Structure formats: structure tokens, C-alpha cells
Amino acid sequence: MSDYQIETKCIHSGWNPKSGEPRQLPVYQSTTFKYDTSEEMGKLFDLEADGYFYTRLQNPTNDAVAAKIADLEGGVAATLTSSGQAANFYAVFNICEAGDHVICASAIYGGTFNLLGVTLKKLGIACTFINVDDDAETLAKAFRPNTKAVLAETISNPALVVLDIEKLAALAHAHGVPLIVDNTFATPVNCRPFEWGADIVTHSTTKYMDGHATQVGGAIVDSGNFDWEAYGDKYHGLTTPDESYHGITYTKRFGKKAYITKAVSQLMRDLGSIPSPMNCFLLNLGLETLPLRVERHCYNAQKVAEYLDAHEKVAHVNFAGLPNDKYHELAKKYMPKGTCGVISFELKGGRAAAVRFMDSLRLASIVTHVADAKTCVLHPASHTHRQMNDEQLAAAGVSPGLIRLSVGIEHADDIIADLAQALEKA
Ligand SMILES: *Cc1c(COP(=O)(O)O)cnc(C)c1O
């Protein structure tokens with residue numbers, strides 16, 4: 001499918017029915033797969049034959065959707081996980097162990113901040129949080145001999161920092177480390193980080209990819225470009241035999257697919273965060289219309305951002321589509337078609353006004369969700385980021401009065417009318 005445009009890939013990649021087979025991707029809602037002889041099944045375990053045997057490792061529905069997402073990002077392989085959290089965890093843990101160190105953007109999703117700053121620390125993996133806007137010289141100081149990965153978001157949730165992917169990729173590569181980019185907000189429709197030097201892409205497919213708030217899911221995609229063997233000692237999990245998996249050396253046996261194969265055959269096998277086939281089916285329906293929806297999200301968000309920016313009660317608006325936004329130039333370079341439908345803004349009346357405003361909305365709903373067909377709103381300081389102290393909030397780009405507005409695909413005039421009546425009461 002790789003010669004087609006992204007709109008076509010969203011419809012057709014991953015599932016090519018043969019004559020007489022279902023046109024739509026079937027839901028293989030089965031834990032297991034049947035074989036006629038014991039020997040046939042034995043060959044699967046010995047890796048002598050390809051085939052399905054247990055859904056924790058592989059399932060045809062899940063694999064078709066993973067292949068579609070790999071194609072959308074321009075990667076060589078992908079795997080789906082039961083959540084975006086699991087995707088980021090696996091993406092890092094696949095190449096890190098106790099005693100290692102990772103570098104992560106401080107303006108990042110609250111869940112990722114906790115994962116790296118708290119939970120991975122308990123597993124012996126240290127993390128340094130960086131301000132990705134700093135110059136390369138300052139950022140270089142964060143690297144240590146045991147640094148194994150750099151992680152950042154294309155457009156950060158909720159601060160909407162646009163990543164200079166080329167700058168960070170060059171820096172990571174100069175230190176022999178891959179760059180992992182969480183591309184949830186931009187989606188491959190607006191940005192494909194591999195084209196700018198990122199090595200691994202992750203997604204919370206819960207967001208735009210699904211788009212209808214029907215399933216929680218994640219994805220990890222490998223570009224196949226990082227040369228693990230060039231730093232063999234550092235990435236010994238990929239470059240030396242895995243005794244728990246037939247003594248296979250992933251890079252030797254699977255080449256460019258080594259990283260994803262290891263994530264599936266080791267992490268999925270042992271930790272088991274698989275999505276259900278039904279959820280993958282729902283995700284696939286969302287993917288079919290992703291380019292249409294993303295285009296409308298961006299169109300509506302631009303209108304809403306311009307409206308808010310001109311409103312007397314609004315202190316400031318973060319949206320890279322606004323010419324006065326700090327990230328406008330970076331967005332033009334990396335996302336010329338638009339960024340995403342998420343806007344954040346601050347009311348002059350601060351936290352109290354933010355709460356009054358939110359409680360007065362009629363069309364937009366207060367939900368812990370974002371990047372959905374329905375316009376929704378959230379107050380990060382009292383919701384997603386409430387476990388952070390003021391200093392951590394500031395580093396994450398979240399002020400106490402910040403409102404995160406996820407502009408849906410309703411008619412822009414209706415969304416703006418709702419905001420207008422709520423702002424009157426704020
Ligand atoms: C939501 C989100 C996550 C976590 O994904 P879940 O599917 O909720 O586990 C990770 N990264 C970003 C950028 C997100 O928006």
C-alpha cells in the first residue's frame with residue numbers, strides 16, 4: 001500500500017480480502033487457533049512456521065490494524081497495545097532495564113510524566129525531564145553514558161508545545177540513542193515523525209485514531225532505521241541471544257523488525273497488555289475516516305482559536321495555528337496541513353473563572369478525554385494533572401487557570417455560540 005496517499009491507506013491498508021472473503025475486516029474474537037496435527041503446532045513454537053496460536057501474542061484482526069498504522073506512519077512494523085500508557089511503557093522498557101536512564105520532554109501527557117518519573121524509577125530506570133525548547137548545547141547536558149532513549153510528543157498534551165523533531169533526533173543520534181515520538185495529537189495525517197528522523201512512534205489510539213470515544217488503545221511503530229547493532233552493548237536485549245525465546249538474537253533473525261518482534265514476543269508475552277480484537281475492529285473503523293475528521297478538527301479549531309484570541313475575557317490562547325503563537329513557525333514546518341483540534345487557553349479571571357466557564361457549557365462536555373468527534377473540555381490542574389505540584393505544573397506548561405478545549409467536528413458556529421454564552425457567565 002506504500003505508494004498510495006494517506007486517505008487511501010486509511011481505508012485499504014492492512015486488510016486485503018481474497019476472493020469471497022469479507023470486505024470489512026472480520027473480528028477474530030477467539031483466544032486461540034486450531035491445528036490438525038501436533039507437529040504443525042510444534043513448528044509454530046519452534047518458529048519454523050508462521051501462524052497464529054494465542055491472541056496474547058498475535059491475532060489476525062489486531063495484526064491487520066497494526067499493519068495499517070505502520071503503513072500510515074511509514075514504518076516497517078507495529079504492534080497494538082491495550083492503552084496508550086502501555087504503548088509508551090513498552091516502547092521504553094523494550095530497550096531499558098534497571099540501571100538505565102531516559103530523557104523525556106517535561107511538557108508531556110500527565111500519565112507519561114508519572115510513568116517515567118515515578119513508576120519506571122521504581123524499576124530502577126532514571127529519567128531526566130528536559131525543556132525541548134532549550135538549545136542543543138543545553139539539552140546535550142542531559143545525556144549520560146547509560147541513556148537509552150529520548151521521548152517527546154509531536155504536539156504536547158495539554159501544553160501544545162510543538163516539537164522540533166529534527167533538532168531532537170540529531171541530538172539523540174549524536175549520543176547513539178533513538179528518539180521515540182508520541183504522535184497522538186498530530187496523527188500521521190498531519191505529521192509523520194519518521195520523515196524528520198524519529199526512530200520509534202507511539203500513539204494513544206484512544207484519541208483521534210479512534211475518534212469516537214469507543215475504545216482505549218495504543219500503538220508502537222518502528223521506522224526500522226535505528227542501528228541497534230552499532231551500539232550492540234547498549235541494546236544487548238536486541239543484539240544478544242534471548243534465552244527465554246529460543247536463544248534468538250532479534251537483530252540477526254528479524255533485521256529491521258527486531259524491535260517490534262521483541263516487544264511482542266517478550267513484553268507482550270510476559271506483561272500481556274493486548275487490546276481485544278473487538279477494540280481493534282472499532283479502532284479500524286475510526287481510522288477509515290481519520291483524514292476527513294482531522295481536516296475538520298483543524299478547520300474548526302482554527303476558527304475557535306481566532307474567536308477566543310479576540311475575546312476580552314481571554315488572557316491568552318495556545319494554538320500553533322495562530323500567527324502569534326510561539327510554535328507557529330515550527331508547526332508550519334512540521335505540520336503544514338494543520339496541527340490538531342486541541343486548544344488551550346487561560347481566562348483573565350484565572351481558576352475561578354475557568355470553573356464557572358466550564359460549568360456553563362451546554363454543547364461541549366466536561367470529560368477526561370480529548371481528540372474526539374464531540375467537543376470536550378477539561379481543566380488540567382484539577383483533573384489530569386492534579387497530582388502535580390505547582391513547580392511540576394509550570395514545567396509541564398500547565399497554569400492553574402488553563403482550560404483544555406478539544407474542538408470536535410460539529411459545526412464551528414455552534415461550538416463558538418456555546419463558548420460565547422459560557423464566557424458571558426465566566
Ligand atoms: C491519552 C494520551 C496517552 C495515554 O493514552 P491512554 O490510551 O489513555 O492510555 C499518551 N500520550 C498522549 C499524548 C495522550 O494524549
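We count ligands from 1, going down the list as the structure has it; atoms in each ligand are counted the same way. Bear in mind that the values here come from a model prediction, so they are computed numbers and not experimental data.
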Asker: Give a table of atom pairs where an N or O of ligand 1 lies under 3.5 Å from a protein N or O.
Answerer:
unit_1, atom_1, unit_2, atom_2, d
ligand 1, 5 (O), Ser204, OG, 3.0
ligand 1, 7 (O), Gly84, N, 2.8
ligand 1, 7 (O), Ser204, OG, 2.8
ligand 1, 7 (O), Thr206, OG1, 2.6
ligand 1, 9 (O), Gly84, N, 3.0
ligand 1, 9 (O), Gln85, N, 2.9
ligand 1, 11 (N), Asp182, OD2, 2.7
ligand 1, 15 (O), Asn157, ND2, 2.9
ligand 1, 15 (O), Lys207, NZ, 2.6

Asker: List in chain and number order the residues that pass ring pair (Phe, Tyr, Trp, His ring centres under 6.0 Å) with His311, two or more places apart in sequence or in another chain; answer none if no residue qualifies.
Answerer: Tyr307

Asker: Quick check with a 6.0 Å cut-off and a 45 degree axis cone: is Lys257 positioned over the face of Phe254's six-membered ring?
Answerer: no

Asker: For Tyr299, does the six-membered ring have the charged nitrogen or CZ of Lys337 within the cation-pi criterion, i.e. under 6.0 angstrom from the centroid and within 45° of the normal?
Answerer: no

Asker: Parallel under 30°, tilted from 30 to 60°, perpendicular over 60°: which one fits the rings of Tyr231 and Phe226?
Answerer: parallel

Asker: Just to verify, what does Thr214 make a side-chain hydrogen bond (donor to acceptor under 3.5 Å, both in side chains) with, not counting sequence neighbours?
Answerer: Asp210

Asker: Suppose we screen for side-chain hydrogen bond (donor to acceptor under 3.5 Å, both in side chains). Which residues come up paired with Asn318, at least two apart in sequence or across chains?
Answerer: Ser344

